[in-house]
Amino acid sequence: TVSGEPAIRNDFVRLIDQYRYPEQLESSAVVEIRRIKARVEVERLPLGADPARHLKLGRGSLSDVEWLVQLLQLSHANSLPELRTPHTLLALEKLEQAGIVQPSDAIVLRQAWQLASSIRSAFMLAQNKKSDVLPTDRNQLEGIARLLGYPRGGASALEGDYLATTRRARAVFEKLFYD
């Protein structure tokens with residue numbers, strides 16, 4: 001959102017739109033985006049963190065879905081203005097409607113994003129602190145599972161669901177991001 005005099009605001013938005021929504025995303029830019037994503041995976045993941053359990057930066061987690069959606073927005077939003085949104089799930093829905101992402105792939109990506117987000121929120125509620133890692137502590141995992149509607153003793157089911165969901169999402173991410 002930009003504030004100020006409408007004419008100046010409109011001029012500014014037109015100026016930045018050529019960068020946000022280029023007519024043609026150069027292949028060198030795509031290569032650089034992929035390189036940066038790979039660096040983020042290596043350098044931002046905390047030392048010793050299990051990439052399969054990291055809710056934000058792990059394989060098939062929030063960042064995979066967000067990076068993929070944003071790359072597809074950069075590639076297609078010039079000709080499809082409906083993709084011009086900062087909301088990941090709305091953009092994913094629009095990408096699916098435009099036929100850029102197959103419905104089966106969109107379902108997998110949406111499930112992974114929603115589950116990782118829900119676990120992060122539930123961890124905050126259960127532990128009164130922020131965490132980006134699916135806990136290994138069974139009591140913490142049980143509290144999160146209960147908040148997410150799993151039955152008593154659902155910690156293992158939640159863990160299995162998360163690991164399976166993100167494994168599928170990572171496969172979709174790799175297929176579409178590196179295609």
Side-chain angles (χ1 to χ4, degrees), residues 1 16-22 24-78 83-95 100-101 105-138 140-141 143-144 148 155 158-179:
T1 305
I16 62 171
D17 278 354
Q18 65 186 326
Y19 300 102
R20 293 190 302 174
Y21 314 117
Q24 173 80 31
L25 185 60
E26 299 296 327
S27 60
S28 60
V30 174
V31 168
E32 183 66 10
I33 290 167
R34 290 173 178 157
R35 188 188 67 72
I36 292 169
K37 170 64 168 127
R39 277 189 65 195
V40 166
E41 287 182 11
V42 172
E43 295 175 8
R44 295 282 316 275
L45 197 64
L47 189 63
D50 180 353
R53 301 183 78 86
H54 203 278
L55 303 166
K56 177 74 177 154
L57 301 172
R59 295 185 297 259
S61 67
L62 293 170
S63 69
D64 277 2
V65 176
E66 291 167 358
W67 278 76
L68 172 60
V69 166
Q70 291 169 16
L71 177 62
L72 294 173
Q73 286 176 295
L74 280 169
S75 299
H76 300 282
N78 181 276
L83 298 178
R84 299 176 185 183
T85 176
H87 304 286
T88 301
L89 294 182
L90 178 58
L92 181 59
E93 178 184 326
K94 298 299 182 183
L95 287 161
I100 296 165
V101 174
D105 290 339
I107 289 168
V108 168
L109 295 168
R110 188 175 301 108
Q111 287 173 341
W113 194 94
Q114 289 173 326
L115 184 55
S117 293
S118 295
I119 291 170
R120 287 176 86 201
S121 296
F123 190 93
M124 176 60 99
L125 287 172
Q127 301 298 315
N128 198 27
K129 62 181 177 180
K130 182 179 171 269
S131 177
D132 287 327
V133 179
L134 182 69
T136 55
D137 178 272
R138 300 325 274 178
Q140 289 180 346
L141 202 51
I144 293 167
L148 294 180
L158 170 61
E159 182 177 49
D161 287 349
Y162 178 77
L163 295 173
T165 299
T166 54
R167 194 170 38 252
R168 288 189 301 272
R170 181 61 182 211
V172 170
F173 166 81
E174 288 179 353
K175 175 179 76 173
L176 299 177
F177 193 79
Y178 295 109
D179 183 22

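Values reported hereafter were calculated over all heavy atoms of this structure, with side chains retained and with hydrogens, waters and symmetry mates removed.
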Spacing of CG belonging to Leu45 relative to CZ belonging to Arg59, to within rounding of 0.5 Å: 9.0 Å
Side-chain (Arg53) to main-chain (Leu134) donor-acceptor, under 3.5 angstrom: yes
CG-CZ distance between Asp17 and Arg20, expressed to the nearest 0.5 angstrom: 4.5 Å
Heavy-atom neighbours of Asn128 CG exceed 12 at 6.0 Å: no
Closest contact, heavy atoms only, Leu163 versus Thr166: O-OG1, 3.3 Å
Residue pair Gly143 / Ala126: nearest heavy atoms and the distance that separates them: C-CB, 4.5 Å
Under-4.0 Å salt bridge between Lys37 and Glu66: no
Contact check, side chains of Leu62 and Trp113, non-hydrogen atoms, under 4.5 Å: yes
Non-hydrogen side-chain atoms of Tyr162 and Ser61 separated by less than 4.5 Å: yes
Distance in Å, Ile36 CD1 paired with Glu43 CD, rounded so as to fall on 0.5 Å steps: 11.0 Å
Contact check, side chains of Ser63 and Val40, non-hydrogen atoms, under 4.5 Å: no
Contact check, side chains of Leu71 and Leu25, non-hydrogen atoms, under 4.5 Å: yes
Flag, side chain of Thr165 to backbone of Ala112, donor-acceptor distance under 3.5 Å: no
Non-hydrogen side-chain atoms of Glu41 and Asp64 separated by less than 4.5 Å: yes
Least distance between heavy atoms, Ile144 atom then Pro135 atom: CD1-CG, 3.6 Å
Within-4.5 Å side-chain heavy-atom neighbours: Leu158 and Leu115: yes
CA sep, side-chain torsions, deciding dist, call: Arg120, Asp132, side chain to side chain contact (heavy atoms under 4.5 Å, CB included): CA-CA 6 Å; Arg120 287 176 86 201; Asp132 287 327; 2.7 Å; yes
Polar side-chain atom of Gln73 near backbone of Thr85 as donor-acceptor pair, under 3.5 Å: yes
Test log, rule side chain to side chain contact (heavy atoms under 4.5 Å, CB included), inputs Ile107 and Gln111: CA-CA 6 Å; Ile107 289 168; Gln111 287 173 341; 3.6 Å; yes
Leu83 and Ile100, any side-chain heavy atoms less than 4.5 Å apart: yes
Side chains of Ile33 and Trp67 in contact at under 4.5 Å (non-hydrogen atoms): yes
Inter-residue atom distance Glu32.CD - Glu26.CD, 0.5 Å rounding: 13.5 Å
Any donor-acceptor pair under 3.5 Å from Arg84 side chain to Ala77 backbone: yes
Arg34, CZ atom: more than 12 neighbouring heavy atoms under 6.0 Å: yes
CZ (Arg39) with more than 12 external heavy atoms under 6.0 Å: no
Distance in Å, Leu55 CG paired with Lys130 NZ, rounded so as to fall on 0.5 Å steps: 10.0 Å
Sidechain-backbone polar pair: His87 side chain, Leu90 backbone, donor-acceptor under 3.5 Å: no
Atom pair CD (Gln114) and CG (Leu109), whose distance is rounded to the nearest 0.5 Å: 11.0 Å
